[in-house]
Amino acid sequence: MSRTTVAQILRSSNSPGSATVKGWVRTKRDSKAFSFIEINDGSSLANLQIIVDATIDGYETSVHSLRTGASIAVEGEVVASQGKQKWEMQAASLMVLGNSDEDYPLQKKGHSPEFLRSIAHLRPRTNLFGAVFRMRSRMAYAIHNFFQQRGFVYVHTPIITASDCEGAGEMFRVTTLDGKTLDKSPDEDFFGKPAYLTVSGQLEGETFACALSNIYTFGPTFRAENSHTSRHASEFWMIEPEMAFCDLQEDMALAEEMIKYLVSDALENCAEDLEFLGKFVDKGLLERLKFVATRDFERISYTDAVELLLKSDKKFEYKVEYGHNLQSEHERYLTEEHFKCPVTVYDYPVEIKPFYMRRNDDEKTVAAMDLLVPGIGEIVGGSQREERLDVLRANIKHHDLSEEEYYWYVDLRRYGSVPHAGFGLGFERLLMFVTGVSNIRDVIPFPRVPGSAEF
RNA sequence: UCCUCAGUAGCUCAGCGGUAGAGCGGGUGGCUGUUAACCACUAGGUCGUUGGUUCGAACCCAACCUGAGGAGCCA
């Protein structure tokens, strides 16, 4: 008989009749005449309760010695439960596929996220991580839906790249030189020049936007920053749409629309997992998500934001000053205390932003934007790109970059240049926002952070 | 890179200068449909590491390691 998932059984409205389920034992309660076994196969948060009478074949040898974590296959009749769940299974036969050693580390009680991180190979078997990673999968799917429905083309930008800097942080070097040859010149290395893991697919994305109009990337990126916070990882996934014939206004509108779309999709399709997360991880989660899905976001220029911060009674650890980046505490004040909703801050001072952002007519600011959300801070960063050849060239020079290195990027401005814009969305930051999980290491299957690349 | 806090049983923690403890988990047995089941018994620890102070250190001091939180950088 083919396998029925736990989710299929639990969600059926009529009695499903006889079925075979396979999964892992979450808990077992023995009585003299029978045992209750709860199994989970990851198809849903909830477990299926199975009643095994002691009269069943092999009860003494198999069921009695069954431990938490064991994998089993059970065939039986699904019947209405006398307990608090709707359905349960009366086992006709039970097969132990693999018992679990007695030192199985997952108990039938709450564990700290730090401990679970140390057993990242087993943590998807917990309610929390099952919920988080089902949602991660759903959100990835929803991201593709969002862009595909709008006619965006999915582009795979390279993971190994030779163009350095881009102003997006420290890079990991990729090399085949070993301990003996490490002092050799990069000319003799695998690619004939220094190569790195990408920190962003944006520049390559722009080349495709300048041909296919609307594109997006969705893939891993790497930053060798030595940052120790709950919001940074060395390897993370990023979504980067890029649109030709597009200005900053349309760019901001797309970012806001996207966040709303993803939050709505989660509410619609991850109800069971969200209910769990709202109960055990973040009490205000559902309320916040519903709020974000329905309410308009705020927008404020950098200049106005600075003024607003200066006028506020709030005491900040760091001074608010025009021309400086907004500190985390400033961003959080805007989104969490002042507006109490997602806020897009736009038109930043030219000095604090990278070379490719479009200079505004005031000559003091660039057409850049950051979308801030409560609890996380910056979740999206984007800009309209500089499409004017002479201005871009001057910027490259001003930032001490080599125009030769970026000849292909400059070429886009020589052959049919168009206004274009895009943004980057940190996938894990989105997941933190949508799941209420407060540490980035708990929304990525195997986190890589400075000093740690286990599993 | 900087600042702060924490490392005691498999897990969560108490003990804070005088012979190492609890709950949960594990093992064994019992049990009336249980649901983080219940009851009884039981095994389990170089108290993160290395030095120092002391008659005596899990406890005081120093350095280091690991983890967490925050800052910066960013997504």
Side-chain angles (χ1 to χ4, degrees), chain A residues 26-39 46-54 64-65 67-69 79 81-85 88 90 100-119 122 126-127 166-170 199-202 220-240 255 280 316-318 324-332 352-354 370-373 376-382 423-433 438-444 449-452 454:
Chain A
R26 280 291 179 86
T27 173
K28 182 173 73 121
R29 295 177 288 275
D30 293 322
S31 187
K32 190 171 192 176
F34 51 86
S35 294
F36 293 103
I37 298 173
E38 287 192 38
I39 70 165
N47 305 323
L48 178 67
Q49 173 164 288
I50 292 165
I51 290 86
V52 190
D53 283 328
H64 195 71
S65 60
R67 279 181 292 256
T68 306
V79 295
S81 176
Q82 301 168 35
K84 60 190 184 189
Q85 53 278 317
E88 65 185 16
Q90 183 72 47
S100 179
D101 284 355
E102 55 198 52
D103 59 355
Y104 186 65
L106 292 171
Q107 300 178 18
K108 305 173 229 182
K109 66 161 191 171
H111 288 292
S112 68
E114 292 80 28
F115 170 67
L116 292 171
R117 246 168 253 155
S118 73
I119 50 166
L122 297 173
T126 62
N127 287 337
E166 303 168 21
E170 292 295 309
V199 293
S200 161
Q202 181 202 313
T221 48
F222 309 86
R223 304 271 167 98
E225 298 287 354
N226 193 13
S227 29
H228 296 261
T229 84
S230 54
R231 302 182 309 284
H232 293 84
S234 310
E235 176 182 304
F236 64 98
W237 284 57
M238 196 151 60
I239 299 106
E240 296 180 288
F280 292 103
F316 295 112
E317 198 178 328
Y318 290 87
H324 286 68
N325 262 314
L326 297 179
Q327 304 285 324
S328 292
E329 56 173 342
H330 304 149
E331 295 183 341
R332 293 181 78 128
I352 56 173
K353 289 293 182 185
D370 284 348
L371 175 50
L372 314 175
V373 296
I376 315 279
E378 186 183 338
I379 194 170
V380 166
F423 61 82
L425 169 80
F427 187 45
E428 283 75 18
R429 294 231 177 131
L430 170 83
L431 288 170
M432 290 167 74
F433 183 63
S438 59
N439 196 311
I440 197 166
R441 301 174 186 95
D442 297 329
V443 295
I444 188 164
V449 294
S452 171
E454 296 305 310

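Order of the sequence lines fixes the chain letters, A, B, ..., with proteins taken first and strands second; residue numbering starts at 1 for each chain.
- Nucleotides B:C24 and B:A37 place their C1' atoms 14 Å apart, quoted to the nearest Å.
- Nearest nucleotide to the A:Phe115 side chain, out of B:G67, B:U12, B:C73: B:U12.
- The separation between A:Arg117 atom CZ and B:G67 atom C1' is 9 Å, rounded to whole Å.
- Of all nucleotides listed (B:G27, B:C74, B:A68), B:G27 comes nearest to the side chain of A:Glu102.
- A donor-acceptor pair is defined here as one N or O able to donate and one able to accept, closer than 3.5 Å; no such pair exists between the side chain of A:Gln202 and the backbone of A:Glu240.
- Distance noted for atom P between B:C60 and B:C2: 25 Å (whole Å).
- Distance check on atom C1': B:C5 versus B:G30 gives 46 Å, rounded to whole Å.
- Residue A:Tyr318 is the one, among A:Met238 and A:Tyr318, whose nearest nucleotide of RNA chain B lies closer to the 5' end (criterion: closest heavy atom).
- Rounded to whole Å, atom P of B:C73 lies 11 Å from atom CG of A:Leu326.
- Here B:A75 presents its P atom at 18 Å from CZ of A:Phe433, a figure rounded to the nearest Å.
- When both distances must be under 3.5 Å, the Watson-Crick or G-U wobble mate of B:U1 is B:A71.
- Remark: of the listed residues A:Arg117, A:Glu428, A:His232, A:Arg117 is the sole one forming a side chain to side chain contact (heavy atoms under 4.5 Å, CB included) with A:Arg441.
- Distance from the side chain of A:Ser230 is smallest to B:G70 among B:C74, B:U12, B:G70.
- A sub-4.0 Å separation between OP1 or OP2 of B:U12 and a side-chain N or O of A:Ser112 is present.
- OP1 or OP2 of B:G27 lies within a sub-4.0 Å distance of a side-chain N or O belonging to A:Arg67.
- The side chain to side chain contact (heavy atoms under 4.5 Å, CB included) with A:His111 is formed by just one residue from the set A:Thr126, A:Leu106, A:Ile119; it is A:Leu106.
- One interatomic measurement links the two molecules: CD of A:Glu225 to C1' of B:G70, which rounds to 17 Å at whole-angstrom precision.
- Within 4.0 Å (heavy atoms only), A:Asp103 reaches no atom of the nucleic acid at all.
- Atom CD of A:Glu170 and atom C1' of B:C74 are 12 Å apart (whole Å).
- Across B:C74 and B:G67, the matching C1' atoms stand 23 Å from one another, rounded to whole Å.
- A:Arg26 comes within 4.0 angstrom of nothing in the nucleic acid, heavy atoms only.
- Taking the side chain of A:Asn439 as heavy atoms from C-beta on, and the options B:A68, B:G67, B:A75, the nearest nucleotide is B:A68.
- B:C59 sits 10 Å from B:U49 when the P atoms are compared, rounded to a whole Å.
- Of all nucleotides listed (B:A71, B:A68, B:C73), B:C73 comes nearest to the side chain of A:His232.
- Using a cutoff of 4.0 Å between basic side-chain nitrogens and carboxylate oxygens, A:Glu38 and A:Lys28 are not scored as salt-bridged.
- Listed for the A:Arg429 side chain is a donor-acceptor partner under 3.5 Å among the backbone atoms of A:Arg231.
- Taking the P atoms as reference points, B:G10 lies 8 Å from B:U46, given to the whole Å.
- Within the 4.0 Å cut-off from OP1 or OP2 of B:A68, not a single side-chain nitrogen or oxygen of A:Arg231 is found.
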Given side-chain contact (heavy atoms from CB on, under 4.5 Å), test A:Glu88 with A:Ile50 step by step and report yes or no. CA-CA 6 Å; A:Glu88 65 185 16; A:Ile50 292 165; over 6 Å; no
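- B:G56 makes up no base pair with any nucleotide shown, lacking Watson-Crick or G-U wobble contacts both under 3.5 Å.
- The CZ-P distance, from A:Phe222 to B:A75, rounds to 16 Å in whole Å.
- Residue A:Asn325 has a polar side-chain atom (N or O) positioned under 4.0 Å from OP1 or OP2 of B:C74.
- If you measure from atom CD of A:Glu114 to atom C1' of B:C5, you get 13 Å, rounded to the nearest angstrom.
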With sugar-phosphate taken as primed atoms, P, OP1 and OP2 and all else as base, the protein-contact string of nucleotides 29-39 of chain B at under 4.0 Å (heavy atoms; B, S, -) is --BSBBBBB--
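- In this structure B:G7 sits in a base pair with B:C65, meeting the Watson-Crick or G-U test at under 3.5 Å.
- Across all strands shown, B:C41 forms a Watson-Crick or G-U wobble pair, both distances under 3.5 Å, with B:G27.
- Residues A:Thr27 and A:Arg29 have side chains in contact (heavy-atom distance under 4.5 Å, counting atoms from C-beta outward).
- The pairing partner recorded for B:C16 is none, the criterion being a Watson-Crick or G-U wobble arrangement whose two distances lie under 3.5 angstrom.
- A donor-acceptor contact under 3.5 Å links the side chain of A:Arg223 to the base of B:A75.
- Here A:Ile440 lies in heavy-atom contact (under 4.0 Å) with a base.
- Using atom P as the reference point in both B:A68 and B:A36, the two lie 30 Å apart (nearest Å).
- Side-chain contact of A:Gln90 with A:Asp53: a donor-acceptor pair under 3.5 Å is present, judged by distance alone.
- For A:Ile376 and B:G70, the CD1 to P distance is 11 Å, given to the nearest whole Å.
- A donor atom on one side chain and an acceptor atom on the other are not found under 3.5 Å apart for A:Gln49 and A:Arg26.
- Comparing the P positions of B:A62 and B:A22 gives an interatomic distance of 33 Å, to the nearest angstrom.
- Judged by closest nucleotide on RNA chain B, A:Leu106 is the one of A:Leu106 and A:Asp370 placed further toward the 5' end.
- At least one side-chain heavy atom of A:Glu329 sits under 4.5 Å from a side-chain heavy atom of A:Tyr318.
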